[in-house]
Amino acid sequence: MNENIVLKSVLKLLLPVVILFAFYIQVGGETSPGGGFQSGVILASGLIAYSFAYGIEKLQKIVKPQLVRVASVCGVAVYAITGVAAVMMDGHFLDYSAFMVDKIVAQKSGVMIVEAGVGITVFAVIMSIFYSFALRVEDA
Amino acid sequence: MMAFLADINAVANLAILALLVVTAIAVVRSVNLINATIFMGIFGMLMACEYLILAAPDVAITEAAVGAGFSTVLLLMALFMVGEKEKKSSGGKVFPFIIICAATVMLVYAGGQMPMFGASDAPSQGHIAAYYLEHSEGETGIPNVVTSILASYRGYDTLGETLVIFTAGIVVLMLLGRFKKEGAK
């Protein structure tokens with residue numbers, strides 16, 4: 001019952017910080033090092049560490065494997081649709097300046113959306129690769 | 001003070017590069033595959049430190065999370081499936097040795113023709129990098145040039161990169177992705 005007690009108590013303190021840090025890296029990618037890729041990887045690593053201490057069944061209830069598969073498509077779709085939307089608004093593909101009159105605000109928001117797409121995809125793909133391995137391990 | 005800091009960088013570089021060689025040898029030498037995997041994780045962490053010294057924090061974060069964290073986890077899980085003992089190789093040792101020697105000679109030859117570290121006349125400095133550094137903040141309002149290049153100037157490439165990651169995920173799902181139903185025993 002009390003196995004992994006060190007891991008569990010450390011993770012209880014650490015996991016909120018890791019999740020918060022992942023979001024900080026996602027949003028702060030414009031001014032400080034980071035971005036979608038890094039944020040997705042950090043969030044996924046935090047949750048994988050959680051599954052080590054508390055078991056994969058608990059993680060599966062929070063982050064469903066099916067949901068993760070859908071999310072990986074959604075991330076790519078967000079990115080690609082942003083590109084197509086720019087074409088619809090008389091710009092080039094992925095030219096965010098077409099979104100608004102103020103080009104700098106348009107660029108910033110375009111980058112924000114695209115980075116969110118990258119973050120979702122990276123997080124979802126890493127989680128689904130982890131699930132593919134881990135759930136198979138349990139079968140063996 | 002600056003000279004002192006430069007010395008610290010040089011010392012840290014040397015120490016990390018030496019440790020990298022030691023861990024790489026340890027990876028090859030260890031018979032137990034779990035030990036080898038842990039050494040790979042240490043190798044990734046050292047690489048992350050090295051990227052940080054080379055002023056590439058974006059890459060350092062990625063390397064620390066993927067190279068030292070996630071790939072170690074994946075390798076460990078793969079070891080649980082295949083066992084932790086290394087199989088005795090059956091083939092001869094001459095042919096691999098020749099290939100390694102040839103690769104080493106080629107790398108040393110090519111390394112000699114690389115521009116010096118931080119050289120101002122390196123091809124990567126001359127082409128379009130200066131334009132990005134000068135205009136990034138004015139054109140996109142994003143102070144971090146790495147982000148503005150990745151997501152805005154080179155948006156196509158990053159879209160392709162995201163698709164590559166997505167494809168990798170799909171392929172793993174196709175190969176291993178028959179999950180057990182949740183709650184089922």
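Naming: A, B, ... by sequence-line order, numbering from 1 per chain.
- Judged by distance alone, with hydrogens and angles left aside, the side-chain atoms of A:Ser132 form no donor-acceptor pair with the main-chain N or O of B:Leu176 at under 3.5 Å.
- When heavy atoms are compared at a cutoff of 4.5 Å, A:Thr31 approaches chain B by way of both its backbone and its side chain.
- Here the side chain of B:Asn144 pairs a donor or acceptor atom with the backbone of A:Ser32 at under 3.5 angstrom.
- When the side chains of ILVMFWY residues are joined at heavy-atom separations under 4.5 Å, either directly or via intervening members, B:Leu52 and B:Leu17 end up in two distinct hydrophobic clusters.
- Heavy atoms of A:Ile129 lying under 4.5 Å from chain B belong to its backbone as well as its side chain.
- Within the 4.5 angstrom heavy-atom criterion, only side-chain atoms of B:Val73, from C-beta onward, approach chain A.
- With rounding to the nearest 0.5 angstrom, the CD atom of B:Glu137 is 8.5 Å from the CD1 atom of A:Ile104.
- Taking CD from A:Glu115 and OG from B:Ser152, the interatomic distance works out to 10.5 Å, rounded to the nearest 0.5 Å.
- Across all their heavy atoms, A:Ile42 and B:Ala65 have their closest contact at CG1-CB, 4.5 Å.
- Your options are A:Val114, A:Val111, A:Val118, and the one with the most heavy-atom pairs under 4.5 Å with chain B is A:Val111.
- Of the atoms belonging to B:Thr158, heavy atoms from both backbone and side chain fall under 4.5 Å from chain A.
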**Request:** Give the intermediate values and the outcome of side chain to side chain contact (heavy atoms under 4.5 Å, CB included) for residues B:Tyr156 and A:Leu94.
**Result:** CA-CA 7 Å; B:Tyr156 280 35; A:Leu94 286 172; 3.8 Å; yes

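- Under the 4.5 Å side-chain heavy-atom criterion for ILVMFWY residues, a single connected hydrophobic cluster contains both B:Met77 and A:Val68.
- A continuous path of hydrophobic side-chain contacts links B:Phe39 to B:Leu20 [ILVMFWY only; heavy atoms under 4.5 Å].
- For A:Val105, no part lies near chain B; criterion is any non-hydrogen pair under 4.5 Å.
- When each of A:Ile126, A:Asp95, A:Ile48, A:Thr82 is scored by its heavy-atom pairs under 4.5 Å with chain B, the top score falls to A:Ile126.
- To the nearest 0.5 Å, the span separating CD1 on B:Ile165 from CZ on A:Phe37 amounts to 4.5 Å.
- Of the listed residues (A:Ala49, A:Ala44, A:Ser45, A:Ser72), the greatest number of heavy-atom pairs within a distance under 4.5 Å of chain B belongs to A:Ser72.
- B:Val22 and B:Leu46 fall into different hydrophobic clusters, where Ile, Leu, Val, Met, Phe, Trp and Tyr side chains are chained together by heavy-atom contacts under 4.5 Å.
- Of the atoms belonging to B:Phe166, heavy atoms from both backbone and side chain fall under 4.5 Å from chain A.
- Ring-centre distance between B:Phe80 and A:Phe133: not below the 6.0 Å cut-off.
- No more than 12 heavy atoms of other residues, nucleotides or ligands shown are found within 6.0 angstrom of OH on A:Tyr24.
- With chain B as partner, the option from A:Val122, A:Ile25, A:Val76 having the largest number of non-hydrogen pairs under 4.5 angstrom is A:Val76.
- For A:Phe52, the part lying under 4.5 angstrom from a heavy atom of chain B is the side chain only.
- Grouping the Ile, Leu, Val, Met, Phe, Trp and Tyr side chains by contacts below 4.5 angstrom, directly or via other members, places A:Val27 apart from A:Ile19.
- The shortest heavy-atom contact between B:Glu139 and A:Gln107 is O-CG, 3.7 Å.
- Remark: of the listed residues B:Val146, B:Asp58, B:Thr62, B:Asp58 is the sole one forming a side-chain contact (heavy atoms from CB on, under 4.5 Å) with A:Pro33.
- Here the side chains of A:Phe21 and B:Ile61 are not in contact, with every heavy-atom distance at 4.5 Å or above.
- If you tally non-hydrogen atom pairs under 4.5 Å between each of B:Ile170, B:Leu74, B:Val59 and chain A, the highest count goes to B:Leu74.
- Enclosure of atom NE2 in A:His92 is not indicated, since only 12 or fewer non-hydrogen atoms of other residues, nucleotides or ligands lie within 6.0 angstrom.
- For the options B:Ala151, B:Pro57, B:Ala64, B:Ala168, heavy-atom pairs under 4.5 Å to chain A are most numerous at B:Ala151.
- Counting only distance, with no hydrogens or angles, the side chain of A:Tyr79 and the backbone of B:Gly155 share a donor-acceptor pair below 3.5 Å.
- A:Glu30 contributes no side-chain N or O that, together with a main-chain N or O of B:Thr147, makes up a donor-acceptor pair within less than 3.5 Å.
- Heavy atoms from other residues, nucleotides or ligands lying under 6.0 Å from CE of B:Met45 number 12 at most.
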